[in-house]
Amino acid sequence: ALAVAGDDVAPSASRPKAQPPAPGGLLKAHATFYGGADGAGTIGGACGYGNLYSAGYGASTTALSTALFNDGASCGQCYRIACDGKRADPRWCKLGEAVTVTATNFCPPNYDLPSDDGGWCNPPRPHFDMAQPAWEKIGVYRAGIIPVVYQRFLSSIYSHLNYIYDPSASSSRLQQLMVLTPDRRVPCVRRGGVRFTINGHDYFQLVLLTNVATIGSIKTMDVKGSESPDWMPMARNWGANWHSLAYLTGQRLSFRVTNDDGQTLTFTNVVPSGWKFGQTFASNVQFK
């Protein structure tokens, strides 16, 4: 298992060069797995989602290397991943299969090992340490690690189901990767509205956002108590958790949230005045 929460300090040693993008608008990376056959070992993680099943993410999740994690700003983003039939040993690759996963954890670097021999998550490598059930949809267990292609940003050329075909690959099978929508990342599909979980204490509200659709990640967040006419900016604390240092206990709470696509939604009085720390409140509003 590679994925754990933790800080990293990059040493001054030189880093291997990042790989160039793959043809067809896809990006190259590698993928390993962790968490066991049922994904139970992925519960928790550096994004703060806690129980991934009750949060709605299940085992379709991944930890990201430093190059992708972006200090937690990538939490909640979705990635479409397929085994790279051009680079992989065909024995270990399930060609024609792809999986969509949500970023829920951080895969820390291991500077005691070379980047190409165990230090898979060392910068600047883009790497996915996926929940085992998700990984096994595209790879054979015995391989342990496979080269992959992934997509986060989508092509602006297509707005329909697209198939990627690489005639130079070892297999001529079509690889169905995703439904493309113009100028957007791989969309996260969620049921219901955005949810807010409030932790912390008086003068420190730690708010976790879950079940965020479309791009999945949040750029800015503001809060307003029912006793104030003004919005107060919140700061990212860690992962998908944002905090405020205002005294808001006993007030109805509204949130103004902007995602990484620049869409802003206002969740008016989504938290009632009788709220208590540790509670989760589901809205009926969702990003589209």
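Below, each value reflects all heavy atoms present in this structure, side chains not excepted, and no hydrogens, waters or symmetry copies. Quantities reported herein were computed from a predicted structural model and do not represent experimental measurements.
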Going through the distances and angles, do T42 and Q132 end up as a side chain to side chain contact (heavy atoms under 4.5 Å, CB included)? CA-CA 9 Å; T42 64; Q132 184 176 332; over 6 Å; no

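Nearest heavy atoms, S244 versus A246: OG-N, 3.2 Å. The shortest heavy-atom contact between A59 and P133 is CB-CG, 3.8 Å. Nearest heavy-atom pair, W238 versus G48, reported as atom, atom and distance to 0.1 Å: CH2-CA, 3.3 Å. Minimum heavy-atom separation, A134 to S60: CB-CA, 4.3 Å. Residues S217 and Q77 share a closest heavy-atom pair of OG-NE2, 3.1 Å. Of all heavy-atom pairs between P272 and V270, the closest is CD-O, 3.8 Å.
The OG1 atom of T61 lies 5.5 Å from the CG atom of L52; values are rounded to the nearest 0.5 Å. Interatomic distance, K137 NZ to C83 SG, rounded to the nearest 0.5 Å: 15.5 Å. One distance of note links CD of E136 with NZ of K94; it measures 6.0 Å at 0.5 Å rounding.
Panel note: side chain E97, backbone I138; no donor-acceptor pair is recorded below 3.5 Å. Between the side chain of N241 and the backbone N or O of N199 there is no donor-acceptor pair closer than 3.5 Å. The backbone N or O of D230 sits less than 3.5 Å from a side-chain atom of S228, completing a donor-acceptor pair. Not one N or O on the side chain of Q205 forms a donor-acceptor pair closer than 3.5 Å with the backbone of G200. Under the 3.5 Å distance criterion, the side-chain polar atoms of D84 are left unmatched by any main-chain donor or acceptor of P147. A distance-only check finds no donor-acceptor pair linking the side chain of T197 to the backbone of T280 [under 3.5 Å]. Checked by atom type and distance alone, the side chain of R195 pairs as donor or acceptor with a backbone atom of A55 at under 3.5 Å. Formation of a donor-acceptor pair under 3.5 Å by the R256 side chain with backbone atoms of M221 is not found in this model. Judged by distance alone, the side chain of W242 and the main-chain N or O of I218 form no donor-acceptor pair under 3.5 Å. Side-chain N or O atoms of S283 include one that pairs as donor or acceptor with a backbone N or O of V194 at under 3.5 Å.
The six-membered or imidazole ring of F277 lies away from that of H201, with a centre-to-centre distance of 6.0 Å or more. Taking the ring centroids of F33 and Y141, they lie under the 6.0 Å cut-off. Note: F69 and F106 meet the aromatic proximity criterion, with ring centroids under 6.0 Å apart. Between Y203 and Y247, a ring centre-to-centre spacing shorter than 6.0 Å is recorded.
When only modelled atom types and interatomic distance are considered, T102 and R190 share a side-chain donor-acceptor pair under 3.5 Å. Side-chain polar atoms of N211 and Y57 form no donor-acceptor pair below 3.5 angstrom. R80 and T100 share a side-chain donor-acceptor pair at under 3.5 Å.
By the rule that hydrophobic residues join a cluster once side-chain heavy atoms approach within less than 4.5 Å of another member, I198 and L206 end up as members of separate clusters. V223 and L208 are members of different hydrophobic clusters when ILVMFWY side chains are connected at heavy-atom separations under 4.5 Å. Cluster membership for L253 and L265, using ILVMFWY side-chain heavy atoms within less than 4.5 angstrom, is shared. There is no path of hydrophobic side-chain contacts, each under 4.5 Å, that joins F204 to L209. At a threshold of 4.5 Å between side-chain heavy atoms, the hydrophobic network of Ile, Leu, Val, Met, Phe, Trp and Tyr places L68 and M130 in one connected group.
Just one of Y150, W135, Y34 meets the ring pair (Phe, Tyr, Trp, His ring centres under 6.0 Å) condition when paired with F128; it is Y150.
Heavy-atom contacts from other residues, nucleotides or ligands closer than 6.0 Å to CG of D71 number 12 or fewer.
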